[in-house]
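Take a look at the structure set out below.
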Amino acid sequence: MQLPSLLKITIIFTFCVILMGAYTRLSDAGLGCPDWPGCYGMMKVPSQDHELTQVQNNFPGHEVEPKKAWLEMIHRYIAGALGLLVLLIFILCLRNNEAPKKLPTIIALLIVFQAALGMWTVTMKLMPIVVMSHLIGGFSLVSLLLLLYLRTKPLRIPGGDAIARKLAPLALTCLGVLILQIMIGGWTSSNYAALACTALPICEGDWYNNLKLTQAFNPFQEVHDTYEFGVLDYASRMTIHVVHRFWAIVTAGMLFWLAFKLYKQSQSSVLKRSAVLLVLLVCLQVGLGISNVVLHLPLGIAVSHNAGAAFLLLNLVFINYALWRKA
Ligand code: HEM
């Protein structure tokens, strides 16, 4: 198989793994299997009588919840398959003289680190900094795979679009702003702060005088037996939620500005289409965020909000690639 085709398949597959991860996390199934890499020490979810007896002996106090355990195991198996695809890409790039070498090496190292984060997510009982890093790891992986795909494929983007090129620093700033918003979103979700604030447009009560920025964003929280369902007090969760909403306004504003400038100034139809897509994705993402709040976090909307963030990121990575690549 040709490298670009393999990369295309791997990008779609990575997207599925990210969504499956979000579905697992948001269904509170992250601890469906309390150990790693097996599930209660087995390669499948224990269901037979003798297996359940073994669970009682080896994991006293634990009760197997088959649905949650299967979600977690399916996520691990498909993540393992993704690891094999990345290894194949790495080998193909090493063998192909014209293919880049540094980027596939970084991607291969990243997936190993991502597997370690997956393990720590379980062994450290959903510690928010680990859960958020695991989410960012997945987003970074799909972005780097897209970059590698773009580098291995001749693109019909005029690298010499001098006017549009002037927008490159703005596009990079927007990328930074979006990444920060995604991190705050991951922090909101991993600290179970989604329902800490259910009023619109801001928060119920005297939210302004109850902001606790230092506690809310301390990456190293006190040690707890488990972080499932969150350990922060109400004010800290509310603070995280409010910051995610405020930064969403900054993000949306910046991305609209970039889209407007790009649409007006670029000569390239590909970049003009990316600008329109950017506007649509921002509207969709903000709409999904508001629906999360109004509808009290239905699973489908929460997972779509995760997918929306990934699409936004990929679109912005593409725009940056097009604007920064050498003419
Ligand atoms: C550009 C805008 C936005 C981006 C890129 C973004 C991104 C994200 C991301 C990546 C997550 C983590 C999802 C996960 O854990 O799977 C998240 C969570 C969340 N976002 Fe946003 N978001 C945006 C705007 C908004 C807005 C405007 C609202 C509400 C008014 C909102 C409400 C939420 C809530 C409530 C969660 C927690 C969901 C949960 O616990 O599952 N977001 N966001």
Side-chain angles (χ1 to χ4, degrees), residues 15-30 71 75 117 121 126 128-143 173-204 207 216 227-230 232 237-259 277-317:
F15 206 81
C16 297
V17 176
I18 290 177
L19 288 194
M20 182 67 204
Y23 189 85
T24 307
R25 179 172 63 256
L26 301 170
S27 327
D28 300 322
L71 278 178
H75 177 56
L117 282 168
T121 295
L126 306 182
I129 186 70
V130 177
V131 175
M132 191 203 68
S133 306
H134 195 44
L135 178 128
I136 298 302
F139 278 32
S140 308
L141 189 65
V142 75
S143 304
T173 311
C174 286
L175 185 62
V177 167
L178 177 67
I179 291 173
L180 190 55
Q181 172 67 352
I182 291 173
M183 290 174 79
I184 303 170
W187 198 241
T188 311
S189 146
S190 58
N191 281 290
Y192 299 82
L195 301 179
C197 183
T198 49
L200 282 167
I202 314 184
C203 260
E204 51 272 30
W207 63 270
Y227 298 85
E228 195 172 26
F229 308 120
L232 294 180
R237 293 186 203 213
M238 185 272 296
T239 307
I240 297 171
H241 190 128
V242 168
V243 171
H244 185 55
R245 285 197 202 179
F246 274 106
W247 200 249
I249 297 170
V250 176
T251 311
M254 293 277 299
L255 297 189
F256 281 145
W257 181 237
L258 173 67
L277 184 63
L278 193 57
V279 171
L280 294 178
L281 285 174
V282 173
C283 294
L284 178 75
Q285 185 66 356
V286 171
L288 287 168
I290 294 173
S291 311
N292 262 339
V293 173
V294 175
L295 303 174
H296 291 229
L297 205 63
L299 189 55
I301 305 257
V303 174
S304 308
H305 192 58
N306 178 295
F311 277 126
L312 263 176
L313 182 63
L314 290 180
N315 192 25
L316 216 50
V317 166

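Each ligand, and each atom within it, is numbered from 1 in the order the structure gives. Scope of the values below: all heavy atoms of this structure, side chains included, with no hydrogens, waters or symmetry mates.
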Discussion item. Under a plain distance cut-off of 3.5 Å, with no hydrogens placed, do Arg245 and His241 share a side-chain donor-acceptor pair?
Written reply: yes

Worksheet item: How many angstroms lie between CD1 in Ile202 and CE in Met238, if you round to the nearest 0.5 Å?
Response: 11.0 Å

Worksheet item: Does any non-hydrogen side-chain atom of Ile136 lie less than 4.5 Å from one of Phe139?
Response: no

Are there any protein N or O atoms under 3.5 Å from the N or O atoms of ligand 1? List them with distances, or say none.
residue, atom, partner, partner atom, Å
ligand 1, 15 (O), Arg25, NE, 3.3
ligand 1, 15 (O), Arg25, NH2, 2.9
ligand 1, 15 (O), Ser189, OG, 2.8
ligand 1, 16 (O), Arg25, NH2, 2.5
ligand 1, 16 (O), Asn306, ND2, 2.7
ligand 1, 20 (N), His244, NE2, 2.8
ligand 1, 20 (N), His305, NE2, 2.9
ligand 1, 22 (N), His244, NE2, 2.9
ligand 1, 22 (N), His305, NE2, 2.8
ligand 1, 42 (N), His244, NE2, 2.9
ligand 1, 42 (N), His305, NE2, 2.9
ligand 1, 43 (N), His244, NE2, 2.9
ligand 1, 43 (N), His305, NE2, 2.8

Worksheet item: Who passes side-chain contact (heavy atoms from CB on, under 4.5 Å) against Phe311, sequence neighbours left out?
Response: Phe15, Leu281

Discussion item. Test of understanding: with side-chain contact (heavy atoms from CB on, under 4.5 Å), list the residues that count as partners of Leu295, not counting sequence neighbours.
Written reply: Ser291, Pro298, Ile301

Discussion item. Going by side chain to side chain donor-acceptor pair (under 3.5 Å), name the pairs with one or both residues in residues 180-190, residues two or more places apart or in two chains.
Written reply: Gln181-His244

